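Quick note on labels: first sequence line is chain A, next is B, and so on, each numbered from 1. What you are looking at is a predicted structure, and each value in this text was computed from that prediction instead of being measured. For the numbers below, each heavy atom of this structure counts, side chains included, while hydrogens, waters and symmetry mates do not.
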Amino acid sequence: MGTPLERSSRVPIGCPDKLGGATRKKVAPDSNGWLSLAKARYAMGAKSVGPLQYASHMEPQVCLHTSEAQEGLQKFKVVRAGVHTPEEVGPGEAALRRRKGPAKTPEPQSSEAPQDPLNWFGILVPHSLRQAQASFRDGLQLAADIASLQNRIDWGRNQLRELQEKLKQLEPGAA
Amino acid sequence: MLEGAELYFRVDHGYLEGCKASLLTQQDYINLVQCETLEDLKIHLQTTDYGNSLANQTNPLTMRKRLCGEFEYFQNHSLEPLSTFLTYMTCSYMIDYDSADEWCLQTKSVKEIPGTCHPLGPVNIAETSSDLFNAILVETPLAPFFQDCMSENSYLETFYKFCKNHGDVTAEVMCPVLEFEANRHTFINTINSFGTELSKEDWETLYPSFSKLYPEGLWLLAQAEDFDQIKSVADHYGVYKALFEAVGGSGGKTLEDEFYEHEVQMNVLAFNRQFHYSVFYAYVKLKEQEKRNIVWIAECISQRHRMKINSYIPIL
């Protein structure tokens, strides 16, 4: 494990640069997304692209999955709804399977993919609306990356603080 | 028009004169794009014909209601055949174009399209398509379109025939305008249909059966599978070839921008002729474009996208 001094030097401090870069990257897709929405309103009419078109029942297209890394760090990952991560895939029910003949238990059905929200605005939506959707999707992925990076930075800071306190206690004359 | 009818045109229909002066000028747009905040925008709009109507709120609905008030004034003072002409103008607002195509193809309920219709054509009170027909549309010129299938193109076709039968300068100005409108819908909707579930057979039923593109151009468009193939169809028609070639040019204009710009040019030219009804159509369309311009400038100001703020389409 090493001394507290050695361990403190191993705490990642390069993450703030990555976080700043990721945050700056996220601004562009969000900004482009809102501008593309404005272009869609220009083409279709201001009343045709707005809350009036929202479905009464909305289903999320993406979900946020969390996983724990080795050091107990939480990592965030954006996953399309209806797609299972490898950890979730497994037998739905315990069942005795025969070598021959059909299995008695039905295979677990994969959940249906939610309806594309573009359909709320009509069949023939302009290209700008599709661009807006793509931009916001990119922004979502970056948001998950930023959250993971922020988590890592906070973890690193806490580690550094603990090690610095231990270092102080171990210094001669501290007693 | 009967001989000497020009003498009485201004007496019967000349009350649009003066309304054209209410359109924003180039100087007005220069002032608007220099605004830093939406409050500045409202203050500058107060110096225009909009006056204090937008003082408390600036949203497209307020501007649209103002235009509706002007249009109702035209309708209340109109005589035949101008009254029928103005009623035809409202037909396009009675149904949302995309909703009409969806109704044709998916039998969507009217109730599922709440509050999206233009105030010039309220259809919010009916719950089913038959209620809509029986309550509102059966006595309007829109009724025949609903008896078979709602279609923006069949409405345009009937309006086109009305103008053509009327003859005179109205036909000379309106027919090319309506042809262009139908073709614009055709090109834009064909492009937007890529990647959707619409089949080519479904798509062909929505094409208009008038205008220069009919029938060969429409058949070629129905076979097109990407933008380049649509462009190659447009290359056969001088007006559309120029518009497609200008796409992506100065300021990164889109095809929709090019179509809107050409439509504005046609509507402005309508005012160069006299003693015809097309000026009413042109005025409403130019005010609609002006509303789009103002909303676009407001969006760029609120989103701080000043690079794109000059992408509006100048009118005068």
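- Within the 4.5 Å cutoff, no side-chain heavy atoms of B:Trp296 are placed close to those of A:Arg41.
- Not counting sequence neighbours, the partners of B:Ala224 by the side chain to side chain contact (heavy atoms under 4.5 Å, CB included) test are B:Gln229, B:Ile230.
- Residue B:Leu255 does not touch chain A at all, counting heavy-atom pairs closer than 4.5 Å.
- Separating the CZ atom in B:Arg292 from the CE atom in A:Met44 is a distance of 13.0 Å, to the nearest 0.5 Å.
- Minimum interatomic distance between B:Phe194 and A:Arg130 (heavy atoms only, all atoms of both residues): O-NH2, 4.0 Å.
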Pair B:His305, A:Trp34 - check side chain to side chain contact (heavy atoms under 4.5 Å, CB included), show working.
CA-CA 10 Å; B:His305 262 288; A:Trp34 290 116; over 6 Å; no
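- Shown here for A:Ala38 and B:Gln303, the closest heavy-atom pair between the two residues is CB-NE2, 3.9 Å.
- B:Glu299 places no side-chain N or O within 3.5 Å of a backbone atom of A:Leu35 that could act as its donor or acceptor partner.
- In this structure, the separation between NE2 on A:His127 and CD1 on B:Ile188 is 12.0 Å, given to the nearest 0.5 Å.
- A donor-acceptor contact shorter than 3.5 Å is absent between the side chain of A:Tyr42 and the backbone of B:Val295.
- Partners of B:Tyr29 under the ring-ring contact (aromatic ring centres under 6.0 Å, His included) rule, at least two apart in sequence or in another chain, are B:Tyr312.
- Interatomic distance, B:Arg304 CZ to A:Ser31 OG, rounded to the nearest 0.5 Å: 10.5 Å.
- Shown here for B:Asn192 and A:Leu124, the closest heavy-atom pair between the two residues is ND2-O, 3.6 Å.
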